[in-house]
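Just so you know, ligand 1 is whichever comes first in the structure, and atom 1 is the first atom listed for that ligand.
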Amino acid sequence: MRAHDVKEILIDKATIARRVDGLVDDIAAESPGNLVVVGILKGSFMFLADLMRSFYRHDVHPRIDFLTLSSYGSGTSSSGKVEIIHDIREEIVGADVLLVDDILDTGHTLAFTKKLLSGYGARSVRTCVLLDKKAHRTIEFEADYAGFLVDDHFVVGYGLDYNNLYRELPHIAKVRFLD
Ligand code: XMP
């Protein structure tokens with residue numbers, strides 16, 4: 001692991017909380033009856049938990065499931081190759097899926113997963129990310145709901161990690177490499 005610090009806060013806790021409620025207002029307004037929220041682990045766990053709590057305000061009661069995909073390993077750049085480590089168990093034939101990830105970067109992860117879940121017979125698959133690194137896309141892909149645009153630097157916190165560290169931060173911080 002490279003020498004680094006995570007002192008610079010890019011998005012604070014209160015700003016995230018407000019945006020999460022705003023996203024859920026939009027999602028709930030367009031929400032069909034048979035909603036299944038699917039989180040991509042590990043990065044989405046905190047965002048997804050807050051989204052779920054926010055659905056309560058709208059009296060929307062989604063089912064929930066997770067899948068685990070291969071991640072960056074110990075680096076900070078995407079291989080472009082996505083593998084399923086643990087698949088969903090919930091029945092999604094005819095369901096309206098909201099696919100949740102922490103960050104949309106090259107686009108490979110969400111493009112792959114959206115296709116996978118559509119192939120399982122979902123009626124619709126919409127995508128929701130907390131962060132969108134638009135400048136770093138290598139394939140054409142846009143999320144239906146995106147919390148914040150971020151510039152092309154490595155970020156951690158609120159579920160996002162560097163070498164599986166810093167997921168616990170309540171805010172989004174920038175990783176500053178010192179070497
Ligand atoms: P792709 O490139 O497939 O990437 O759109 C999505 C996944 O890449 C990881 N990722 C990051 N993780 N800080 C992180 O902690 C970052 O700045 C970052 N950029 C991409 C993340 O796992 C996401 O699910």
Please tell me if the side chains of [X] and [Y] come closer than 4.5 Å, counting only heavy atoms from C-beta onward.
| X | Y | result |
| --- | --- | --- |
| Ile27 | Val60 | no |
| Leu69 | Phe112 | yes |
| Leu51 | Val100 | yes |
| Lys174 | Val150 | no |

* Does even one non-hydrogen atom of Asp161 get within less than 4.0 Å of ligand 1? ->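 Yes, Asp161 has a heavy atom closer than 4.0 Å to ligand 1.
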* Structure fact -> The answer for which part of Val155 has a heavy atom under 4.0 Å from ligand 1 is both
* To do: With heavy atoms only and a cut-off of under 4.0 Å, state how Asp102 meets ligand 1: side chain, backbone, both or neither.
  =>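 It is the side chain that touches ligand 1; the backbone stays farther off.
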May I ask you to list the atoms of ligand 1 that are less than 4.0 angstrom from any heavy atom of [X]?
| X | value |
| --- | --- |
| His108 | 3 (O), 5 (O) |
| Lys133 | 16 (C), 17 (O), 18 (C), 19 (N) |
| Leu160 | 12 (N), 13 (N), 14 (C), 15 (O) |
| Thr106 | 1 (P), 2 (O), 3 (O), 5 (O) |

* When the ring planes of Tyr158 and Phe47 are compared, do they come out parallel, tilted or perpendicular, using 30° and 60° as the limits? ->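 Correct class here is tilted.
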* **Salt-bridge present (Asp12, Arg18; N to O < 4.0 Å)** =>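 No, this pair does not count.
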* Polar contact flag for Asp105 and ligand 1 (N/O pairs, less than 3.5 Å) ->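 So ligand 1 has an N or O lying under 3.5 Å from an N or O of Asp105.
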* Before signing off on this row, confirm whether Gly107 and ligand 1 have an N or O atom pair separated by under 3.5 Å. => yes
* Exceeds 12 heavy-atom contacts within 6.0 angstrom, atom CD of Glu30 ->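 More than 12 within 6.0 Å, yes.
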